[in-house]
**Q** 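I have a structure I would like to understand better, so I am pasting it below and will then ask my questions one at a time.
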Amino acid sequence: MSLPLSGASAEIGVSFLDGLRTCLASDPVGRGVTLKVTDDAEAELAAEDLRAWELPGKDSVIALTGFFGRHDAAEAAKRAAAARLPLVAPMSGAQTIMQDASGWVFPVRSPDRTIATSLVSQAARLGVKRLGAFATRDAAGAELLAVVRAAAAANGVQLVAVAEAETGSMELDPQARALLSARPDAVLSLAGYTSTADVFMRLRRAGFVGQLLAHGDVGSRPLTRLMGPSARGVGIGLAVPSPANASLPLARDLEAAARKAGKAPDEFTLEGCMAARVISDGLRRAGSQPTRDSLRRALETNRSVDAGGITVMLAREDRERNVGELVVLGADGRILR
């Protein structure tokens, strides 16, 4: 797997890896899985590792997972198809992943467009009439902005301002001022956590008292680290169910395991755990000597997996039904269901 284990998104990658390891270790089949991990922040080394993993052979890798973000996940999907290597739980809900027709990609996330639509719909239910949006100036931002525009129109919400910036940008005073000048009732961020925190803090310091909303990849934990107590009340559309949802057996199991290890799970820990459950289930069905092809057939044939109260839809025509959850952050950054 390739994950951000250093650099700006390290907390996200480490959380996913923690969840994956925890839930593999709790499964008899999963305990037999050997993990090969590379840090995507080390671009040359990560590329070299991926080339080695793609090679067939007796001791070859039989599945990929991780690959955070639209670009890395899309590239991994292309290479997985070329190498005939299952890619399970890529960390992106972009349409290129959800609509992948190669037969080698098995997402567990809710689609980005579903999350963005749900955030706008929820804002409308809370009485928001004027919405401001902040997005990255790239293909991902453009895709999500198109969804937000459509959802706003469908819900009777006026999109009064759109501010954009390069990925990872900070010092975003012009963007914050542009949003404030439009007098929105709420601001929705479709960017990463560094830029989102920068804009949100500037809005709060300027006296903005409206609702702050963020798309799932912002990350509850890193956003809280940057915003501190100001993160209280921020709404996030998670790409997976909430780890604070105690009605889910998976969330309860993960919470117990994390407490024993002295850690606190977040949404990416849960996503890693979901990946582990899907991989373990696929390997269990793939025969005593699983191969890339037999694992793919097992995942395709099963079509869905019960990952501890969370039904993961694996069939291409059903992926849109994978669920996330809208949550609010507490004063200490904990996810409140």
Side-chain angles (χ1 to χ4, degrees), residues 1-27 30-31 33-47 49-50 53 61 63-73 76 87-93 108-109 167-168 191-197 214-228 231 236 238-244 250-251 253-280 307 324 327 329 332-335:
M1 78 191 75
S2 178
L3 294 167
L5 300 176
S6 61
S9 299
E11 289 164 285
I12 292 171
V14 169
S15 288
F16 182 93
L17 183 57
D18 281 346
L20 185 75
R21 282 175 167 158
T22 296
C23 289
L24 285 175
S26 68
D27 186 283
R31 284 195 288 272
V33 173
T34 299
L35 298 180
K36 297 184 179 182
V37 187
T38 193
D39 183 355
D40 70 13
E42 301 288 341
E44 290 187 14
L45 179 59
D49 286 340
L50 184 53
W53 296 343
V61 167
L64 297 174
T65 191
F67 297 91
F68 177 65
R70 176 192 176 104
H71 176 269
D72 284 6
L87 172 60
V88 181
M91 298 179 73
S92 170
V108 305
R109 284 185 166 203
T167 302
Y193 75 88
T194 52
S195 298
T196 295
H215 196 268
D217 277 350
V218 72
S220 61
R221 187 172 291 167
L223 185 66
T224 299
R225 176 174 54 78
L226 292 182
M227 290 187 67
I236 300 180
L238 302 182
V240 296
S242 168
L250 183 65
D253 292 347
L254 190 58
E255 173 67 29
R259 193 184 308 117
K260 190 177 296 184
K263 298 181 178 181
D266 64 11
E267 63 270 31
F268 299 107
T269 322
L270 188 82
E271 185 175 7
C273 193
M274 290 169 63
R277 292 288 175 92
V278 172
I279 291 168
S280 296
V327 299
L329 296 183
D332 58 357
R334 287 185 302 111
I335 291 175

**Q** Hey, are the side chains of Ile335 and Pro243 touching, using non-hydrogen atoms and a 4.5 Å cut-off?
**A**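 Heavy-atom side-chain distance check passes, below 4.5 Å.
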**Q** Any idea which heavy atoms bring Glu267 and Ser220 closest together, and the distance?
**A**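 Glu267 and Ser220 have their closest heavy atoms at OE1-OG, 2.7 Å.
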**Q** Determine the minimum heavy-atom distance between Cys273 and Leu250, stating which atoms define it.
**A**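 Nearest heavy atoms, Cys273 then Leu250: SG-CD1, 3.2 Å.
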**Q** Are Leu270 and Pro265 close enough that some pair of their side-chain heavy atoms sits under 4.5 Å apart?
**A** no
**Q** Is there a donor in the side chain of Asp18 and an acceptor in the side chain of Ser15, or the other way round, less than 3.5 Å apart?
**A** no
**Q** For the residue pair Ala275 and Val88, what are the closest heavy atoms and their distance?
**A** O-CG1, 4.4 Å
**Q** Output the distance between atom CG (Leu50) and atom CZ (Phe67), rounded to the nearest 0.5 Å.
**A** 5.0 Å
**Q** Return the CZ to CZ distance between Phe16 and Phe68, rounded to the nearest 0.5 Å.
**A**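 Rounded to the nearest 0.5 Å, the CZ-CZ separation comes out at 11.0 Å.
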**Q** I want to check something: taking the side chain as every heavy atom from C-beta on, are Met1 and Leu20 in contact at a cut-off of under 4.5 Å?
**A**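 Yes, their side chains come closer than 4.5 Å.
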**Q** Check the pair Ser26, Asp253 against side-chain contact (heavy atoms from CB on, under 4.5 Å), reporting the backbone distance first and the verdict last.
**A** CA-CA 10 Å; Ser26 68; Asp253 292 347; over 6 Å; no
**Q** Any side-chain heavy atom of Met91 within less than 4.5 Å of one from Asp217?
**A** no
**Q** With rounding to the nearest 0.5 angstrom, report the CD1 to CG distance, Ile236 to Leu329.
**A**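 Those atoms lie 4.0 Å apart.
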**Q** Would you confirm whether Ser280, through its side chain, and Arg277, through its main-chain N or O, come within 3.5 Å as a donor-acceptor pair?
**A**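 No, because the side chain of Ser280 does not come within donor-acceptor range (under 3.5 Å) of the backbone of Arg277.
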**Q** Between Leu64 and Trp53, what is the shortest heavy-atom contact and its length?
**A** CD2-CE3, 3.8 Å
**Q** Determine whether Ser2 and Asp49 make a side-chain contact, defined as any pair of heavy atoms from C-beta on separated by less than 4.5 Å.
**A**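 Answer no - side chains too far apart.
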**Q** Which heavy-atom pair separates Val218 from Ala214 by the least distance, and what is that distance?
**A**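 Reported closest heavy-atom pair: CG1-CB, 3.7 Å.
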**Q** Measuring from Asp39:CG to Leu3:CG, what's the distance to the nearest 0.5 Å?
**A**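 Answer rounded to 0.5 Å: 8.5 Å.
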**Q** How long is the straight-line distance from CG of Leu254 back to CZ of Arg259, given to the nearest 0.5 Å?
**A** 10.5 Å
**Q** For the OG1 atom of Thr22 and the CG atom of Leu17, what is their distance to the nearest 0.5 Å?
**A**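 Between Thr22 OG1 and Leu17 CG, I get 9.0 Å after rounding to 0.5 Å.
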**Q** Ignoring hydrogens and geometry, is there a side-chain-to-backbone donor-acceptor pair from Glu271 to Arg109 under 3.5 Å?
**A**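 No; zero donor-acceptor contacts below 3.5 Å.
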**Q** Within the structure provided, determine whether Thr65 and Val278 are in side-chain contact (heavy-atom separation under 4.5 Å).
**A**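 No - every pair of side-chain heavy atoms lies 4.5 Å or more apart.
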